[in-house]
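Only one structure is covered here, and it is reproduced in the block below.
Predicted model, so just to flag it, every value in this text is computed and none were measured.
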Amino acid sequence: MKKYLIFGIIFLIHFSESYAQDLKEVALDESWREKIAQLTPESPQFKHSGTKRILIFSLHTGFEHWVIPHTEEMLKIIGQKSGAFQMTGSTNIQEFEKENLQKFDAVILNNTCSKPEHRNLFWDKLREQPKGDSVLLMQKALELEKNLLEYVSNGGGLMVLHGGITTLNSSDDFGRLVGGSFDYHPPQQSFRVYLEDPEHPLVQAFPKEGFVHTDEPYFYKNAYETGDFKPLLYFKNSEIERQRNGQRDPREKTYVAWIRSEGKGKVLYASPSHNAQSFENPDLLQFYLDGLQYVVGDVECDETPVGN
């Protein structure tokens, strides 16, 4: 009996590891910084006018992605080496006061995961106040959300990376702004990422056949179903293992990255940002640089929503 139990445990461990390909955490040291700096593009691909100011917002109240500080450092390296961006990192929600947002040309939500209970990062942080009135705190949370929505509509840029899509995941307005809401993800695994339109200027960094990537394959809901965005990258649903309830999404593809315009502003969502190892792909670093140029208005390109 014990022998069968041991064999069963070994099988389950092997089965789990074959799908949940969690990568080991990488030390954020000078050696890693130098490696990323060597792989980072020398200069912007598109014309730019002056140095743009970018806020990298990296607060999380829910799931903590170990890659958060690596992502912030990678973005700062891109900004410094390209000479096109001045990066400011912060975890202070006061950055979303109107007067503070105006200091920046774009905001990056860096894996800003909120707690599952309310899926509202601002509320999560505000309710930490020991004697705060819950009604007033929620009003303040809604005010900060409105500030962000108006900031983009009035011409600000927004880049959302991986878990940043859950920042205000219960908000229909935020979901519409970003292009969708997070639904769930199967275990981390290796899968091929494909280019929706190999001729689009924002995917020129990648080979036309796509690339293999290890990540959590995100699935989406709510505003995502309307397709009010221009897709850039996708994976084939038939190639993703261990989907919810063992059932495959009947649609052909799920998008990995997309863009959309909102009023005078630009939005880019990119899921590939779960592991620091991903940043050792120079094509992905070029994609981030190109995406930053897009959200600050340097790139004229097709933004026709897939829903149309």
More than 12 foreign heavy atoms under 6.0 Å from CG of Asn92: is that the case here?
yes

For atom CD of Glu252, decide whether the heavy atoms of other residues, nucleotides or ligands shown that lie under 6.0 angstrom number more than 12.
no

Test: ring-ring contact (aromatic ring centres under 6.0 Å, His included). Region: residues 25-50. Which pairs qualify, not counting sequence neighbours?
Trp32-His70

Partner of Leu292 under side-chain contact (heavy atoms from CB on, under 4.5 Å), chosen from Leu268, Asp105, Ile78, Asp298:
Ile78

Does the distance from a Lys or Arg side-chain N to an Asp or Glu carboxylate O, for Lys266 and Glu303, drop under 4.0 Å?
yes

For the aromatic rings, using the six-membered ring if either is Trp, is the centroid distance between Phe219 and Tyr224 under 6.0 Å?
no

Please check if atom CD in Gln243 has more than 12 non-hydrogen atoms from other residues, nucleotides or ligands closer than 6.0 Å.
yes

Tightest non-hydrogen contact, residues Asn222 and Ser181, listed as ND2-OG, 3.3 Å

Between Gln188 and Asn275, is any side-chain donor less than 3.5 angstrom from a side-chain acceptor?
yes

Tell me whether Val299 shares a hydrophobic cluster with Leu233, the cluster being built from Ile, Leu, Val, Met, Phe, Trp, Tyr side chains joined at under 4.5 Å.
yes

Around atom CD of Gln80, are there more than 12 heavy atoms from other residues, nucleotides or ligands closer than 6.0 Å?
no

Does the side chain of Leu109 come within less than 4.5 Å of Leu121's, by heavy atoms?
no

Taking NZ, NE, NH1 and NH2 as the nitrogens, is one of them in Glu225 or Lys221 under 4.0 Å from a carboxylate oxygen of the other?
no

Here's a test for you: under side-chain hydrogen bond (donor to acceptor under 3.5 Å, both in side chains), which of Lys103, Gln102, Lys98 qualifies with Asn100?
Lys103

What one should report as the nearest heavy-atom pair of Glu145 and Phe122 is N-CE1, 3.6 Å

Near-ring test Phe287/Tyr294, centroid separation under 6.0 angstrom
no

Classify the ring geometry of Tyr234 against Tyr255: parallel below 30°, tilted from 30° to 60°, perpendicular beyond 60°.
perpendicular

Got a donor-acceptor contact below 3.5 angstrom from the Arg192 side chain to the Glu209 backbone?
yes

Would you say the side-chain atoms of Lys35 pair up with the backbone N or O of Glu280, donor to acceptor, closer than 3.5 Å?
no

Among Ile56, Ile36, Leu28, Ile68, which residue meets the side-chain contact (heavy atoms from CB on, under 4.5 Å) test with Glu73?
Leu28

Using a strict 4.0 Å threshold on nitrogen-to-oxygen distance, state whether Glu143 and Lys140 make a salt bridge.
yes

Test item: Glu262 side-chain N/O and Asn154 main-chain N/O as donor-acceptor pair under 3.5 Å
no

All heavy atoms of Phe96 vs all of Leu148, minimum pair found to be CE2-CD1, 4.1 Å

Phe229-Tyr269 aromatic ring centre distance below 6.0 Å:
no

Are Lys208 and Glu199 ion-paired here, with the side-chain N under 4.0 Å from a carboxylate O?
yes

Give a yes or no on whether the backbone of Leu202 and the side-chain of His200 come within a donor-acceptor separation of less than 3.5 Å.
yes

In short, Trp258 meets Val178 closest at the heavy-atom pair NE1-O, 2.8 Å

Any chance you could lay out the salt bridge (Lys or Arg N to Asp or Glu O under 4.0 Å) test for Arg260 and Asp228, step after step, and finish with the verdict?
CA-CA 7 Å; Arg260 65 181 307 274; Asp228 187 21; 2.8 Å; yes

Within 6.0 Å of CD in Glu99, more than 12 heavy atoms from elsewhere
yes

